[in-house]
Amino acid sequence: MKKYDHKKIEKKWQKEWIDKGIYKTEDTSKKNSFYILDMFPYPSGSGLHVGHPKGYIATDVYSRMQRMKGFNVLHPMGWDAFGLPAEQFAIKNKVHPRIAVEKNVARYKEQLQMIGLDYDWSREVNTTDPEYYKWTQWTFLKMYEKGLAFESDEPINWCDDCKTGLAQEDLEDGACERCGNPVIKKPLRQWVLKITDYADRMLEDLEDLNWPEYIKESQRNWIGRSEGAEITFKIKDSDLSLDVFTTRPDTLFGATYMVVAPEHSMLTELKSSIENWSEIETYAKDSVNKTEIERTAEGKEKSGVQLIGIKAINPANNEEIPVWVADYVLPQYGTGAIMAVPAHDQRDFEFAQKYKIPIIMVVCTHYPAHSCPVLEEAYPGKGHLVFSGKFDGMESDKAKDKIIKFVNGKKKVNYKLRDWVFSRQRYWGEPIPLIHCEKCGVVPVPEKDLPVRLPDVENYEPTNTGESPLTSIDEWVNVSCPSCDGPGTRETNTMPQWAGSNWYYLRYIDPQNKDALIDSKKEKKFMPVDVYVGGVEHATRHLIYARFWHKFLYDIKVVSDKEPFMELHNQGLILAEDGRKMSKRWDNTVSPDDMIERFGADAFRTYEMFMGPFENAISWNTDGMVGTRRFIDKIWKLQDKIVEEENTSIDAILHTTIQKVEGDIQSFKFNTAISAMMILANTLEDAVSLSKKQFELFLRILAPFAPYVTEELWHEIGNKESIHVNEWPSYDTKKMKVDQVTVVLQVNGKVRSSIEVTAGRKESEIRELALSDEVIEKWIDGKEIKKFIYVKDKIVNVVV
RNA sequence: GCCGGAGUGAUGAAAUUGGUAAACAUGCGCGACUCAAAAUCGCGUGCCGCAAGGCUUGUGGGUUCAAGUCCCACCUCCGGCACCA
């Protein structure tokens, strides 16, 4: 037996696999295709730590099994290299982002190859490649054509550190998700995508996806659909009126005041009629200048100012009610104004208590109500209407539609989801392919002129002027208008980090296509993605955006499925040994290079899959690598046990393990698949011998996890072709049958003894054996047997 | 507050339809080999107890011959949403 030298073996097979192209995906294969995808990384400067490849190893194991099962497997990899992380790295290290990306990509690729991942590198994509982002720009133009991309001057979230506008999805608790800086509202010209047009479809189609429930639930929360009505209140002595959105039109009779957001246009429109204008103006300005965090701080007491001289008319009962401005009403949701029903909404209740506004209960749990109770808090539930004119006594749910009709309101659905702010005032992103012309307005760059290339610049640092650094490159900015040939200027905002990742999974299928985003025959062959694996942090970011983008491509008939990703798995984080997140900052990162050098890639891969359930966050433990390395060594030594004749005594466990490993891989239970193979290895170690055929069965189910050592052994015992293109073994249920079983004997539910019997014995025989067992005899001695329970080949319970 | 998920040895964890709780692995202890160490191999390792035996899956109750698994109540932790009208 040769010595197991992992370094030598790994080097040899890496080269051989590439030379022979065994992982190449065929465009024209007659086999069924299987598409398994990793969320592609942005190549950071620090390289991979051991946490990064966990998901990649999982898809690798899965894809290798599928290939052996005869599928034409597509398992690609690429780089999401535009965006702030890459740009900030570049600024910090004083290199051009393009150079930094090139360098980092090379490093990442090298590390991934060491691990032995079976990517088809001929399909590699990079979002910063002009041939790639040409089609990102193309899709944007299609959206623009359909009216889904529009220009807006609404105040948006602005990060003063990153010096760019942000989308709702880029925030975390009111702060910039990247740098943690609290965001402020800033009026800014920007490009916005109408993702809200797709809200309902994104909600509905979630049903058909085989995704973890918590991800679907996150998306439902994020989209935040709520059904209600829009109701108009007239302003007394004025032509103006105030529209509000409410989910509780049944409580309309209890609306005792109204509130508008500080940003509401009504304020300036009523300026001359408001007696305390200066006070109102000060309040509104103060709130607008607050950060999102200050404004929504938890437990903050509500504040507001009444618009003196202004009254609104409640359309239900024609009562005059006051109008207030208060920052607890959000400008961007509904109409930016509410009818306040303090008896049935806790926020309104608190506000009304503070400012001594009447609280009228209009929904009661008991009807008829003899008196209106003094409320301690708002009652948000259902009941029967009271103090509601002709609707008295009606069930609140049933009253909703009737009251909407009564006041000429209209049913309306609102979403928490905001339209997608799609422009960034930064350099390192896809240029938005539009031209501004004095005469023609906004003119799309003609398709034949795509891509609009990102120009090289001297200084790519952000400007903080609300414009991108591209603005200062005159020779790039100034162009002639494609429509009138007059003077025009390019749009200088760039696309957000997420733009390129919206559709990269399509490009892998047809990476070299110069004439179309994707060839539709190839699209139909591979899409949708069968299994998608990535981090949970993308639940309401990438996974929302990509579904939206895909649905748009479906609408314009570029793709043929409504959804891009059928099955989704999230890998749990690998934490550092100290329990914290692995980070350069804490100096607690572990490099896969070191682990592979010391223990070998096979032991490394096996350990990452063995650590625990795939979706769990687990601390790294280098000691644990010893265990999987011992396992690999054990496998290596088994080659010495090979003899001519079959050892039928190991057939049962061998075939049971084949079945288990296959099922476990399919359900992403890699840890138990490995433990089953460890049990098999331990058994074979103790067995007297095994045949070459039997050893090959084992090698083939282990091959997806440990591709190097299995390949080496496969050849060592005389095979010529790669094990990785060999057939996945099928298990033989006949051979899985065992003839000796252990039947556990319980008395009153407590285990007292056990007997070894041949499988499939009759209950009467077992009863006789059990009751004559020495230990059992002692426990039932002299007692009456009330019940005798026998579960076949498993357990006996004697109740006395 | 609403919604989703989870609580099992020293540690990561396992437990098809309710049927031997702790498989597998690490760690630890003892032993073999060795001048010694590493590596390797063997034995042991939930808790209490000398033993017989008893106890044990967050807590309390229930159903059942039998509960980590089913039902009810509660506690704790993780995640999502959140002045969203």
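Residue numbers begin at 1 in each chain, while the letters A, B, ... track the order of the sequences. Bear in mind that the values here come from a model prediction, so they are computed numbers and not experimental data.
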**Residues from residues 339-349 of chain A lying under 4.0 Å of RNA chain B - heavy atoms** = A:Arg347

**Residues from residues 568-579 of chain A lying under 4.0 Å of RNA chain B - heavy atoms** =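 Heavy-atom cutoff 4.0 Å gives no residues at all.
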
**Request:** Dump the intermediate steps for salt bridge (Lys or Arg N to Asp or Glu O under 4.0 Å) on A:Asp397 and A:Lys382, then the final yes or no.
**Result:** CA-CA 7 Å; A:Asp397 274 350; A:Lys382 298 173 186 182; 3.3 Å; yes

**Message:** Under a 4.0 Å threshold between the charged nitrogen and the carboxylate oxygen, would A:Lys411 count as salt-bridged to A:Glu227?
**Reply:**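 The answer is no: the pair does not qualify as a salt bridge.
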
**Prompt:** Salt-bridged, A:Lys641 to A:Glu685, with N to O below 4.0 Å?
**Reply:** no

List every contact pair, protein side and nucleotides 45-51 of chain B side both N or O, where the distance is under 3.5 Å.
none

Side-chain H-bond candidate by donor/acceptor type, [X] with [Y], under 3.5 Å:
{"X": "A:Asp243", "Y": "A:Thr335", "answer": "no"}
{"X": "A:Asn414", "Y": "A:Ser226", "answer": "no"}
{"X": "A:Asn289", "Y": "A:Lys185", "answer": "no"}

Determine the Euclidean distance between corresponding [atom1] atoms of [M] and [N]; express it in Å to zero decimal places.
{"N": "B:G61", "M": "B:C75", "atom1": "C1'", "result": "15 Å"}
{"N": "B:C84", "M": "B:G80", "atom1": "C1'", "result": "15 Å"}
{"N": "B:G58", "M": "B:C78", "atom1": "C1'", "result": "15 Å"}
{"N": "B:G12", "M": "B:U64", "atom1": "C1'", "result": "34 Å"}
{"N": "B:C24", "M": "B:C35", "atom1": "C1'", "result": "37 Å"}
{"N": "B:A39", "M": "B:C30", "atom1": "P", "result": "15 Å"}
{"N": "B:U45", "M": "B:A37", "atom1": "C1'", "result": "25 Å"}
{"N": "B:A73", "M": "B:C2", "atom1": "P", "result": "14 Å"}

Assign [X] to base, sugar-phosphate, or nothing according to its heavy-atom contacts below 4.0 angstrom with the strands shown.
{"X": "A:Val329", "value": "base"}
{"X": "A:Lys302", "value": "base"}
{"X": "A:Lys792", "value": "nothing"}
{"X": "A:Ile618", "value": "sugar-phosphate"}

**Asked** Of all residues at least two apart in sequence or in a different chain, which pass the side-chain contact (heavy atoms from CB on, under 4.5 Å) check with A:Glu768?
**Response** none

**Request:** Heavy atoms under 4.0 Å is the rule here; annotate nucleotides 17-30 of chain B 5' to 3' with B where the base is hit, S where only the sugar-phosphate is, and - elsewhere.
**Result:** B-BB--BBSSS---

Give the rounded distance in Å between these two atoms: [atom1] of [X] and [atom2] of [N].
{"X": "A:Glu227", "N": "B:A85", "atom1": "CD", "atom2": "P", "value": "12 Å"}
{"X": "A:Lys3", "N": "B:U40", "atom1": "NZ", "atom2": "P", "value": "13 Å"}
{"X": "A:Phe614", "N": "B:G12", "atom1": "CZ", "atom2": "C1'", "value": "16 Å"}
{"X": "A:Asp327", "N": "B:A82", "atom1": "CG", "atom2": "C1'", "value": "16 Å"}
{"X": "A:Ile223", "N": "B:G80", "atom1": "CD1", "atom2": "P", "value": "17 Å"}
{"X": "A:Glu774", "N": "B:A52", "atom1": "CD", "atom2": "C1'", "value": "16 Å"}
{"X": "A:Leu417", "N": "B:C81", "atom1": "CG", "atom2": "C1'", "value": "13 Å"}
{"X": "A:Lys416", "N": "B:G80", "atom1": "NZ", "atom2": "P", "value": "14 Å"}

**Message:** Judged by each residue's nearest nucleotide on RNA chain B, which is more toward the 5′ side, A:Lys637 or A:Tyr328?
**Reply:**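 Closest to the 5' end, via its nearest nucleotide, is A:Lys637.
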
**Item:** Along RNA chain B (nearest heavy atom to each residue), the more 5'-positioned of A:Asn748 and A:Met611
**Value:**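 Its nucleotide being nearer the 5' end, the pick is A:Met611.
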
Between [options], spot the one nearest the side chain of [X], thanks.
{"X": "A:Pro613", "options": "B:A85, B:A13, B:G54", "value": "B:A13"}
{"X": "A:Lys669", "options": "B:A15, B:G54, B:C84", "value": "B:A15"}
{"X": "A:Glu685", "options": "B:C41, B:C81, B:A85", "value": "B:C41"}

**Message:** Per the ring pair (Phe, Tyr, Trp, His ring centres under 6.0 Å) rule, what does the pair list look like for residues 330-355 of chain A, sequence neighbours excluded?
**Reply:** A:Tyr257-A:Phe351, A:Trp324-A:Phe351, A:Trp324-A:Tyr355, A:Tyr328-A:Phe351, A:Phe351-A:Tyr355

**Asked** Can A:Lys54 be said to sit on top of A:Phe614's aromatic six-ring, NZ or CZ under 6.0 Å from centre and within 45° of the ring axis?
**Response**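 Cation-pi check for A:Lys54 and A:Phe614: passes.
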
**Message:** Less than 6.0 angstrom from the centroid, inside 45 degrees of the normal: does A:Arg629 satisfy that with respect to the ring of A:Phe599?
**Reply:** no

Kindly assign one of parallel, tilted or perpendicular to the pair [X] and [Y], based on the angle between their ring planes and the thresholds 30° and 60°.
{"X": "A:Phe698", "Y": "A:Phe631", "answer": "tilted"}
{"X": "A:Phe670", "Y": "A:Phe705", "answer": "perpendicular"}
{"X": "A:Trp498", "Y": "A:His538", "answer": "perpendicular"}

**Prompt:** Who pairs with A:Glu376 by side chain to side chain donor-acceptor pair (under 3.5 Å), at least two apart in sequence or on another chain?
**Reply:**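 Scan of A:Glu376 (side chain to side chain donor-acceptor pair (under 3.5 Å), adjacent residues dropped) gives none.
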
**Prompt:** Can you list the residues that meet the side chain to side chain donor-acceptor pair (under 3.5 Å) rule with A:Asp208, with sequence neighbours excluded?
**Reply:**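 If we apply the side chain to side chain donor-acceptor pair (under 3.5 Å) test to A:Asp208, skipping adjacent residues, there are no hits.
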
**Asked** Would you say A:Lys787 reaches B:C65's phosphate, i.e. side-chain N/O to OP1/OP2 under 4.0 Å?
**Response**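 Yes.
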
**Prompt:** Within the structure, does a side-chain N or O atom of A:Arg752 lie under 4.0 Å from either OP1 or OP2 of B:G54?
**Reply:**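 Result: yes.
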
**Contacts of A:Tyr731 that satisfy ring pair (Phe, Tyr, Trp, His ring centres under 6.0 Å) - sequence neighbours left out** = none

**Asked** Between A:Thr256 and A:Pro358, is there a donor-acceptor pair closer than 3.5 Å when you use the side chain of the first and the backbone of the second?
**Response** yes

**Message:** Given 3.5 Å as the limit, does a donor-acceptor pair link the side chain of A:Tyr607 with the main chain of A:Asn621, or not?
**Reply:** yes

**Residue A:Asp686 excluded, over 12 heavy atoms near CG under 6.0 Å** =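 Yes, enclosed.
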
**Request:** Evaluate whether atom NZ of A:Lys410 has more than 12 neighbouring non-hydrogen atoms of other residues, nucleotides or ligands under 6.0 angstrom away.
**Result:** no

For nucleotides 3-8 of chain B, list the nitrogen or oxygen atoms of the protein found under 3.5 Å from its nitrogen or oxygen atoms, one pair per line.
unit_1, atom_1, unit_2, atom_2, d
B:C3, O2', A:Glu217, OE2, 2.6

**Prompt:** Which string of ( ) [ ] | and . matches RNA chain B, if you list each base 5' to 3' and count Watson-Crick or G-U pairs only when both distances are under 3.5 Å?
**Reply:** (((((((..(((......[....)))((((((.......))))))(((....)))..(((((..]....))))))))))))....

Sub-3.5 Å pairs of nitrogen or oxygen atoms, protein against nucleotides 55-57 of chain B:
none

**Message:** Go through it in stages, so that I can follow the logic: the residues are A:Trp420 and A:Glu169, the test is side-chain hydrogen bond (donor to acceptor under 3.5 Å, both in side chains), and I'd like the CA-CA distance, side-chain angles, deciding distance and then a yes or no.
**Reply:** CA-CA 8 Å; A:Trp420 184 6; A:Glu169 286 80 8; 5.1 Å; no

